[in-house]
Each structure stands twice: as structure tokens, then as C-alpha cells.
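What's counted below: heavy atoms across the whole structure, side chains too, no hydrogens, waters or symmetry copies.
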Amino acid sequence: MVDKIECAKGIQAQFQLNYRQSAKTHFELDIDIDIPGQGITAIFGGSGSGKTSLLRCIAGLEQNATGSLMVNDELWQDTSVFVATHKRSLGYVFQEASLFEHLTAMGNLRYAIKRSAQTTNPELLTQVVSVMGIESILSQFPQQLSGGEKQRVAIARALLSQPKLLLMDEPLASLDTPRKLEILPYLERLRSSFNIPILYVSHAVDEIVRLADHLVIMEQGKVLAQGGITELFSRADLPLGVSNEVGAIVECKVVERDTQWHLMRVAFDGGELWLPNVANKDSNSQRIRVLASDVSLTLTSHTDSSILNVLSGQIAEIINDQDPAMSLVRLKVGKSYLLARLTQKSLQNLALTLGKSVWIQIKSAAIVR
Amino acid sequence: MVDKIECAKGIQAQFQLNYRQSAKTHFELDIDIDIPGQGITAIFGGSGSGKTSLLRCIAGLEQNATGSLMVNDELWQDTSVFVATHKRSLGYVFQEASLFEHLTAMGNLRYAIKRSAQTTNPELLTQVVSVMGIESILSQFPQQLSGGEKQRVAIARALLSQPKLLLMDEPLASLDTPRKLEILPYLERLRSSFNIPILYVSHAVDEIVRLADHLVIMEQGKVLAQGGITELFSRADLPLGVSNEVGAIVECKVVERDTQWHLMRVAFDGGELWLPNVANKDSNSQRIRVLASDVSLTLTSHTDSSILNVLSGQIAEIINDQDPAMSLVRLKVGKSYLLARLTQKSLQNLALTLGKSVWIQIKSAAIVR
Amino acid sequence: MNLSDGDMATIWLTLRLATTVTILLLILATPIAWWLARTNSWLKGLVSALVALPLVLPPTVLGFYLLLAMGPNGAIGQFTQALGLGTLPFTFWGLVVASMVYSMPFVVQPIQNAIEAIGNRPLEAAATLGAGPLDRFFTVVLPLAKPGFMTATILGFAHTVGEFGIVLMIGGSIAGETRVVSVQIYDHVEGLQYAQAHALSGVMIVFSFVVLLMLYTFQRKRKAVGMTYGR
Amino acid sequence: MNLSDGDMATIWLTLRLATTVTILLLILATPIAWWLARTNSWLKGLVSALVALPLVLPPTVLGFYLLLAMGPNGAIGQFTQALGLGTLPFTFWGLVVASMVYSMPFVVQPIQNAIEAIGNRPLEAAATLGAGPLDRFFTVVLPLAKPGFMTATILGFAHTVGEFGIVLMIGGSIAGETRVVSVQIYDHVEGLQYAQAHALSGVMIVFSFVVLLMLYTFQRKRKAVGMTYGR
Amino acid sequence: KPVHVAVAANFGNTMQRLVTEFEKTSDYQIALSFGSSGKFYAQIKQGAPYELFFSADQAKPDALQHDGLVIAASRFTYAIGRLAVWSARPDFVNKIESTLKQGTFNKLAIAHPKLAPYGVATLEVLRYLELIDATQSKLVRGENIAQTYQFVSSGNADLGFIALSQLLGKNKVPQGSYWLVPDAMHHAIKQDVVLLRSAAKSQGAKAFLDFMHTHKARNIITEFGYLAPNRLTMGQDI
Ligand SMILES: Nc1ncnc2c1ncn2[C@@H]1O[C@H](COP(=O)(O)OP(=O)(O)OP(=O)(O)O)[C@@H](O)[C@H]1O
Ligand SMILES: Nc1ncnc2c1ncn2[C@@H]1O[C@H](COP(=O)(O)OP(=O)(O)OP(=O)(O)O)[C@@H](O)[C@H]1O
Ligand code: MOO
Ligand SMILES: [Mg+2]
Ligand SMILES: [Mg+2]
């Protein structure tokens, strides 16, 4: 970690909070995190692990929490200071939509716009409303909205307050995939075009991988691990969902866009991969996730396969999987690592051992961006 | 479809409902479905497509809905009959947990038990509580529960009322994957051991595939398609999430359990597959989903690959994918069909055309149950 | 404290009256409040207005009109006589009826508001769990609307205790039957017996204060469990 | 309708009094109700009990004690004299103060219940959107607690209009200054001038009924938009 | 600025007539407040801005005099009340004594003895007639004689001891039947008026007091069912 004195930018949060639940039981939140002051930090953890409580502490909604909080050089809380919630420039998408029941959807948005520190460009409103797909329901009251509609209005409302920090508690949980696929790129763009940090609670590994740069993993009120997403996602010891969600994250550069086949060729230090082209003109860098369950190994290189991507690498590590039938194989490809999830039987069949050179097959269709 | 007169068993629902939203806009639900009287029927559709409204109609919560409803020979509603909600033996897991705020978690469960038509076996309580993982929070009030905890209590409550029909509106939406993986098998067992039909709203294709036998797809208040899940899931024209969720569902029989490698061999009419063993003693049949994106094709059979499952088949159909880089290939394997998602480029490289015989590779690790 | 036997008798009578009125009012007002909270009928405004109306008349005047109505020539009087009940003025039950009319709005309104605040969802959830209308009322509406019922009970009870214009008019100050504390204190004050007035007022105040304090403290305790951090 | 000039004067005075009292009560009761709804302090029960206490005393008696307190030798009287305001009894503002004491619980309780029913979440949401405490109060609490404020306004206003025991005691029935409608009707009834009493009561009833009906109907309309099917 | 006059409720109607007459010939305006004497006493002690107080009895003026709040020399008896037994039913009061004795009536309304001098007088009458015990269970008490009147007029009480003035007021035709109680059966119901010390210099008040001594005034008082004392002496018996 970089020296804190040199680089106070970022979010340093340190909180203790006790919930008395009954005479016998209580829940204790005790966390200390240091996360980047920009980009998206995902907060991941089981139900009841304290994710919502953490966001509430950061928002200043838990008066009983002790600790300290610095957000990009601004002190929001320590032993002597407590900036009230409404003076913290933040947007909060609550786990339950929490719209104002006495205002229409548009009224809810206007509430945020009026109180935004920045003046709101009318274009922003149009844009946010259209990304959230809520044009046609703006005049409805919350009681007249479906679950997903409420959630989208709540996201729009938080975005329109144009905060310096965005807290999102499972914002996409009750949305269908097509809808998510419209909103996710927008959030991605937020990450890159504005410099605001986003704390993003989610159970969906694909959302996290797609969006997050940084990850905080929580368990029973404590931080189990925190760090860059690439790093954490190739650690097989962390409970990142289930073992077949395990994969490696690779940062690539686009080197060629093939218009005939609508493919693009991306390069990383372990070689090159073909994947379906995505039109994101603004950036040539591309983050991909290669699921361990999508990687297969062969001893020779095949040319008659539909699998376009074949890399060569060495076996760096063999880890036991939660499932006794399977193993995780860590593969060194150039300076990067990939993960493969294989049956123990295949491991034996192919006599795969540490250091052995193998061909690594990855289907283009299976690469998750 | 089977003749209705011969087989009145099942759920025949036919509803019209109009929501006035404002002077100009309104939402109209107009559906007519006929679904099996047992097993799980998934309801799938975009946000605001009317899924919740449909469940509410079935539960008798929308007094303004006209139509008719038969549930396994019982008439619940038609032009002259309207059985009140509390007289319909149903359990409803609402989209928002909707616990009684004045009762503890245990109080909420007891509320259901007391009013259950059947006497409740104390074992059932212990079992449901342990599957939902709510032992430690039973004495807490809803205000003291996390989002996921509330949802789990709500599921437990609905199960404990031991209804003849279970309506579940995105019950697992805010749960983490490990939690889901504990609850899903339980719901599976419910499906098989009790004969109660479950209507299950979900956006998560993997949940649907895993649980559902039948599927109703909704769009803008209308039914877009309904039918068996195997059938609907290999129809590429339906908006089942995104194209990389497309896959084929195969019903198999377990023929061997290999204790050394913790694998099991399952057979279907197109051949045999190896997959990690699952201990479900009660049943020898196994439903698996093979994602199109996990299937690769080769022209010859390879033996030096880590891929355990290789089947032979013919190309039955080539369909354009939503993504211009990709194609969907329908493969005939025995009497069954599998789907493969390939780049157009591979299609060309391997000169794949209709009727061509190919080897089909499927990783054990990628098979979704 | 120098309370006479007469004073004590009025205290008991007052408690009996206020308790009776409050219980009957709760029984009567609850369905009205329920209906008002849930209906979309155009009658709603009308009924609400009617319920609140007695408030705007001075109690003595209201008592005067009730006296006319419940008298042998009044509509209510004719009715009670036809039932063989005689007429109501100067009886305990006459006081009960008059006090009910007067305190009705204080009981209906808070209950109505509380029921409206519950919303539909808890009732729907209860219905899906097999709870019928009455069951829902007792196990869901009642506990969730408790603050409203508390307020209704307190306002209704206290108002009946304090009321006296109407009681004086209908009651006729018959010892043991219709002479309640408020009338007795009034009599002391008007009769310039200030010492007795102070004593009786003091007893009333202290007693009521203790009861109210207990009620409110109990209510607070109960809630503290449920809403510690008010998520 | 044969209303005398005197009658008309009392009507105007009554409206002025009730309006003043209601507005001041809303201003005063709202922070109290707010505090009661939100605090966890042990003082809560005490304050609640104190607010409700005036109810249990007959209005005349309450008026009597207020008269003593606000008189030249009473604590309040000493205070107002020290401020150079003279004493309050027999003035319009004396009536205002006395009516406020008496109607306070009817205004505090419904508002308190309504604020409690809102819960924390809307306030939290507003705070995260940058709304400060006052802003939250006016844009969130006020509209969401509207039924409570309506009830408080109606009960407070009507109760002040109808009240007369206290008004008579503090006001002394001085024409144009403290003789309100309720006292006037009372005088008519006591003076056996029934025709005048009926006329004035009739006017009061019809007028109040129309106002209440309009209020309730308007309230109903507003809500119909928001909660058609009560999801 | 008008002269503020507090008047015991039972004298209200009479007083209004008196004021009308007075204002015909005087430049002074009179503002009347009606209420119970006990309330006026409490108010005057707290500095109520009345100038004259027409009490329903002698007790309150006594007490005020004792408190030093009135000009003692101004006090006199302005009227003597007369009791009547009244029923809203015609002929019901014909054989009143036997009716009372036999209890062939539902309720007997009286004014509250503690609050109204008419109540005290009523008890004396009942005692005189030895009917205290016989009527005890049928007594209902009005806060004042107005309420007593209402008990009877609304038909809720068959009989009531009320003030004769209530039956004779200008604008009312007495209904039913009544019996004028002989004055000998009870102490005279003397009603005194006092000038408050705070209004010692009020010319208007003095003028109105003077008016009360005129024949015109005394005629009105009699006409309304009171006895007007022969010699208007200060606080003394007739
Ligand atoms: N009470 C109501 N009044 C007016 N319109 C309503 C009402 N309730 C729902 N709607 C509208 O009906 C449509 C269907 O709502 P419904 O809740 O059934 O959707 P859904 O399929 O459950 O969506 P989601 O996945 O977002 O929960 C939505 O467009 C919604 O705006
Ligand atoms: N007000 C409260 N009083 C007592 N305990 C509470 C309170 N709020 C939360 N808890 C407890 O604190 C723990 C953490 O809750 P939190 O809401 O932070 O979990 P979470 O990680 O957001 O879970 P989920 O994914 O289910 O929303 C839970 O066990 C919960 O029961
Ligand atoms: O004038 Mo009185 O004091 O009501 O008898
Ligand atoms: Mg949470
Ligand atoms: Mg829904």
C-alpha cells in the first residue's frame, strides 16, 4: 500500500458498531478499509455479514458508530468530528428502494436535482432517465411501480444528486438481465468519465467483475480481504461465490478489430485472444474474465477445434477445490496467471504436474467481460 | 397440450387487469396460462412486465381483476365465484419481504404455523429454519434484520404455512450464492417430495433452469410463450436473458457413481457424460444444463485433452446470434439436441455446414445442474 | 387530604363512567375508523364530517340538544321508550350515551390515521397465511395500530373524565348515579369552597398523572425493543 | 336566519380565536410532537403525561386555575406583568393561551403518531440527497404526516370553537373581545332564548359541516391519486 | 366606552330589558356579561374589568365586601326572586302537595342548592312541606335555574322548582301549569348589586345604579316575576 501521508486521496474508513439484538446476541461491525478514491469498489459478503451496516456508517446514518472516515481529503468523521449526512456529498441507493411515497417518480428525481451541489444539466436528466428506462413511468407514484421500476428510479435519483461518493446497496438485484445490460455500461462510463468513487454491494460475481476495480470481502462484520480485483479473484481461498465462478481477470489491450468476423484481437503479456468485438471507442484497454471452468488443457495443439484461443503456459500450482471431484490449476501464461478447473480424473489422465507445459484452450464465447 | 376435460389437474388461470396510472397511461394485464399442477413453473420477464401482478391475481389480492382460476380441480375464481385470499391455500413470498414488524422472526413463523391447514410437524420447523440459516436471528424483530435475513424469514414463513400452492416473487434475489446453494436444493426437494405446485418469479436463468419444469415468459402484460423448460430454453428466439445464457437442458439417468474420482456417469439418449458426483440418493434422474457457450466442436476426437466429455453428433441447424460475431449451432445428439455458440470465424475455419458430423466437447466443470 | 365521602363517590362514578364510555367508544369507533380508513366511497367525507361535528358545539349546548332528543318527546327518547327502556336523561346510561357522542371524534380519528398508516401489505401477507378478516384485525391491525388505539383511549378517557358541561346537562347531578368528579369540582369552585376544590383537583391531577405516566412509559418500553436503531 | 349583530360579532371573534389558537398550537405542538416521536429520553413519558393532563380537569376548573395563575398574583401573571404586558385574563390573548393549554393534547398526539408512523427511512433518504433538517421537515415529514396534521388541525380548531367553560372563566364574556359563539349560544340557552340559540347553533353546525366536508373530501381526493390499489 | 356589567344568569332577560330602557334615556352604553355568580366572584378577585356586579345572592357580594373589592356603600338588593313549581304538562300542578307527597311524577328538578340561591330556597320549601325524604330519590339538580327550567321544558322532569321570572319573561307564554310558592315558605331570595372598587369613579355605573331605583326599572323587575324591594336600602332587610 502506498504511504498514507503522501497520498491521502482515497477513502480511509475505520468503524466499530454494535447492534444489540437481544439479551444474548449482538452483532459487531469492526472494519478498517482503505480503498481508492475513484473507480468502483465492490463489497462482497454473505447475507448478514455487515455490508449494509458499513454503507450506513459511511453515510453517517449510524449515530452510534465510532471510528473515522476520510473521503478524498475530506474528513467526515473521527473522534471529534461528525459531518451530518446531508452535508456529506453522497448518493445512496438503499437496498429497498426507499422512494418518497408522496412524490411521483419524477418528483423523486426532482428532489435530488434541487439539492444537488452542482447545477444539473438538463441533458443529464434525459440521459439518466433513458438509461434507466423510466420515461414512461415518471408520472406514477411509488405505490404504482413494480419492484424493478422502483429500484431504477432510486438509482436515477442517486445519480442525479451528482455526489462525490456513490453508495449502492445491491442496486441491480431485482432487475432482469437485459435491463442490467443497459445499466451496467452506464455505470462503467460513470466510473471512467467522472472521477467519483462508487461503493457497490453485490452478490453477483459477474457484475463485480465487470464493474469493480477494487474489492472488499466481508464476513461476520469483519473484513476478510481487500485489494485489487485481479488479485483477489485469482485467490482460490476466498469465498467468491462458488468455485465455478472462480476465474482470472486479465487486463488487455485491443490490437486489432476484425470487421469481417466482428471479432477483436486483444493482447496481454501471455499472448493474444480473439473475442467478439465491442464498440467502446473511448478506450483501447479491455478487462476480461476467464472463468476457471471455461479453460481446458491439452497436451498438443489442435487445429481442427472450434476453439479459437489457444495459449501455451505452465502449471504453476494445483489447488484442491471445494468439490472433491475437481482441482484448480493455476497456469502461468507469460507474466499473467490463468485458472483452470479440471476433474481430478483429467489431471491424472493427462499426468499434469507442477511445471508441466500445456496448451490452454479458451472459447471466445465463454470469455466474460 | 393435453385435453382439458380429461385432465383438469393443473392450474388454469386467465386474467384481465387494468391499472390506471395517469390520465394518459395505463397498464393492462391480459394473460391465459395453463400450467402443471405440480413442480415448479418459472415466470420470467422484464421489469414491469406484470409478473407480480399475475401472482397477485392468483392470490386473490387484486379485487379488480376479472377472469377465472382453477387450481388442481379447485375453482378459486370465475365470473361468479371469488374465493377470498385467506381461504385459498397458498403461500406467498412477496417481492419485498413483508414481515410483520410487530413480531420477531420466530413470531412471524409461528403466525404461519398456527394458521396452517395441516398440523405442523416440529421437525419441519427445525428443518426449514436450518435450511434458511436463520437459527440465530429468530428472536430479532424485522427492523433488526439485514435485507437477506428478512427474505429468508419470509421464505420460511411461506413454507411453514404448508400451502397447496406456493407463489414466490424473486425469493432469492438478495441472497449470496452460497446461501442460494443451500436453499435451492431444498426447493428442489419440495418440488419432488411434496406435490405442491410452485410459481417462481425469477430473473436468474440458472435458478430457473435448475428448479423449473415449466416456464411462462411475459412481456408487457401478455404471455409471450409458455411450455416445458427444455423446449423453451433451446428456442433461440426467446429473450431468455442474454445469448450467452442460452443452452440445452438434458434429462439424464445416473448410471454409475465413481467414488474414486467423485464423479458420476449419466446417460441420455445421445450418449454419456461425466460430471462431479452429487449425493441425491432419492433420485437417479438428473437434469443438467449445457450452456451453448460451453460447447466446443472438433472434427476429430482428441484424447490428450482435459475435456472428459466428448460426444458425436450432427449439425442440425445454424442460427444467427444477437451478437454478429457469433452463431448458434443446434446439434443432434441421439434424439436430443445440444446447442453450441461459436464464432462465425470458427464456423468458416472448420467448414461447418448442415448435416456435418462433429465431435462435441463439454467440460465437466462447465455443466450446470 | 380532606376528601369527603361525596368526593370519593364521585371519583368512583367518574372512573366507572369514563371506563364504560371508553370501552364502548373503542368498540363503536373501531369499525367506523376502519371503514373510513379503507373505503373509497363518496360517503367517506360525509361520515368524517358528521363524526367531528359535535365538537364545534359547546358541550352544554350539545347537552341541551341531547336533552331534547333523549327526552320523552325527542326522537331518541321515543325510541328508548318504545324499547321499554324509559328515557335516558338523569341516568348513568344517559351520561354514557352523551359522553360518547361528544368524545367520538377523539377516538375515531387517531384510530383511522393509524389504520391508514399500516397500509395494505401486512393485511395481504396475513391473508396469504390464512388469516381471516377478524383474525387479521386482532393479530395485525390491532398491534400495528397500537399507538393510534393508545391515543384514542387516552384522549377518550381523559376527555370523558374532564367533560362536564354535557354531563351536567344530561345527568342532573344525582349523587352516586350522575354526579361525577368534574361536576363536584365545579360545584366546589362555584360554591366558593376553594379548599375542597383544590383537594379534589389535586387528587385528580396526581392520579391521572401517574396513570398517564405509566401508560406512556410502558408504551415506550415496548417500542424500544422493536426499533432500537430505527432501520 | 335572525342573527343579531351581537351574534355576528361572536362568530367573527370565534373564527379569529380558533384560527389563532390552531396556528399557534400547530407551531408549538409540532416540535413537541417531533421530539416525542423521536426521542428515547426517559423524559418522554413525563412530557407526554403533562401534555395530556389538562384534559382530565373540567374546563371551568382548568379555567379557574389558569385564572389564578394568570391573575395579578399568579406566577404567569407576575411574569406577564414584569414584561409590561399586564395580565392576560379578560383579554383576547388570555383566551388564546387558555385555549392552547386545553387543546394541546388534541394537536400533539395525532402529529406525534403520524411522525412515528413515517419511520426513519424517508428521512434518511432525504438526508443522503442533501436535505438538511428543516428541509426534511417541510419536504418529507410534513407531506407524509399530513393525515396527522389534518386531524390535529381539525380537532384543535373544532375543540377551540366548541370549548366554552375555559373561555367563559378566562374571558369573562366581554363583547367583541372575549365573547365567542359558544358563550353566546350558552347565554341564549341560559336566557331561554331558544330561537336565537337554535339559529346560532344551526349556523355553526352548517358552517362547520361544510368546512369539514370540504376538508375531508379534498383529503380523500389527494390520496386517491397515490394509493389506487394500495400496493 | 361602555359600562361593563356582570349579571347573574337568572336575571339576564330582565336585565336586557332594563338596559334597553336605560339606554333610551342615557348616553351611557351598557355591556352585559352573563354567568354564574360564583364564576364572577372568582373573576372579580382576579381583576375582571367589571364595574357592576348583579349577583344572584348576597353571599358573593358579602365575600367581595370582605375582600375589600367593592364600594360597600353602593350595595343594595335589586330584586327578590320568587319560586314557582312548574310542569310542562297542563293541569299537572293542580294538587301540587299531594302530587309531591304521592310521588306521582318521574323527576323533580331543582337548582343546585350549593350553586344557586333558588336551590337553597327550594330545599327550605320542601322542608317546610316535610317532603324532603319523599322527594329525595327523585331530585335532579340543575347547575342553575336555567338548566332546571330545561329539565322541565324538555319533558325529562315532570316537575321543577324554577324562578317565576323564567315563566313570565316578555317573549314567552308559559306552557303547562305552575304553582307560585308562597313567599312565606322560604327565606327571601335576595339578589344584591355592588359597585366594584376599581370602578369607583365610573359615572356610567353610577348612572345605571341610579336608574335601578327608578319606578320604570322597578316595574320591569316586577313584570319579570321578581319582587322589587319597597325601600331600596343598602344590604338591609326589607
Ligand atoms: N397499483 C398500480 N397502479 C398503477 N400501475 C401499476 C400498479 N401496480 C403496478 N403497476 C404497473 O404495472 C406494471 C406491471 O407491474 P408488476 O409489478 O406486475 O411488474 P413485474 O413484472 O413484477 O416487474 P418487476 O420485475 O420490476 O417487479 C408496471 O408497469 C407497473 O408500473
Ligand atoms: N437495528 C439492528 N439491530 C440489531 N441487529 C441488527 C440491526 N441491523 C442489522 N442488524 C444485524 O447486523 C447484521 C448485519 O446486517 P447488515 O444489514 O449489515 O447485513 P448485510 O451484509 O447487508 O446483509 P444482506 O446481504 O442480507 O443485506 C445482521 O446479522 C443483522 O441481523
Ligand atoms: O343566576 Mo344563578 O347563580 O345561575 O342562580
Ligand atoms: Mg444489506
Ligand atoms: Mg415484481
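Interface remark: of the candidates S305(B), S346(B), S306(B), S306(B) forms the most heavy-atom pairs closer than 4.5 Å to chain A. Heavy-atom pairs under 4.5 Å with chain B peak, among S139(A), G46(A), G45(A), G133(A), at G46(A). Considering only heavy-atom pairs separated by less than 4.5 Å from chain B, the leading option among L175(A), D169(A), L263(A) is L175(A). Chain A forms the most heavy-atom pairs under 4.5 Å with one residue out of A340(B), A97(B), A204(B), G48(B), and that residue is G48(B).
With rounding to the nearest 0.5 Å, the separation of NZ in K150(A) from CD in Q95(B) is 7.5 Å. The CG atom of D258(B) sits 10.0 Å away from the OG1 atom of T343(A) when rounded to the nearest 0.5 Å. The distance from atom CE of M326(B) to atom CH2 of W261(A), rounded to the nearest 0.5 Å, is 12.5 Å. The NE2 atom of H26(A) sits 11.5 Å away from atom CD of Q140(B), with the distance rounded to the nearest 0.5 Å.
Within a 6.0 Å sphere centred on CD of E28(A), other residues, nucleotides and ligands contribute more than 12 heavy atoms.
Interface remark: E96(B) contributes side-chain atoms only to the contact with chain A (heavy atom separation under 4.5 Å). In this structure, chain B has a heavy atom under 4.5 Å from the side chain of Q361(A), while its backbone stays farther away. No part of W359(B) comes within reach of chain A, as not one of its non-hydrogen atoms sits under 4.5 angstrom from that chain. Both the backbone and the side chain of Q344(B) come within less than 4.5 Å of a heavy atom of chain A. Proximity to chain B is limited to the side chain of L350(A), based on heavy atoms less than 4.5 angstrom apart. If you measure heavy-atom distances from L297(B) to chain A, the contacts under 4.5 Å come from both the backbone and the side chain.
Checked by atom type, the side-chain pair T300(B)/D304(A) shows a donor-acceptor distance below 3.5 Å.
Side-chain contact between L342(A) and L308(B) is absent, with no heavy atoms from C-beta onward closer than 4.5 Å. S296(A) has its side chain within reach of I307(B): a pair of non-hydrogen atoms, C-beta onward, lies under 4.5 Å apart. Between K345(A) and W274(B) there is a side-chain heavy-atom pair separated by less than 4.5 Å.
In terms of heavy-atom proximity, D176(B) sits nearest to H203(A) at CB-ND1, 3.3 Å. The two residues H262(A) and A325(B) make their nearest non-hydrogen contact at O-CB, 3.1 Å.
Each of E149(B), R152(B), R179(B), K180(B) was checked for a side chain to side chain donor-acceptor pair (under 3.5 Å) with S47(A), and the lone residue meeting it is R152(B).
Remark: R265(A) pairs with E256(A), E272(A) by the salt bridge (charged side-chain N to carboxylate O under 4.0 Å, His left out) rule, at least two apart or across chains.
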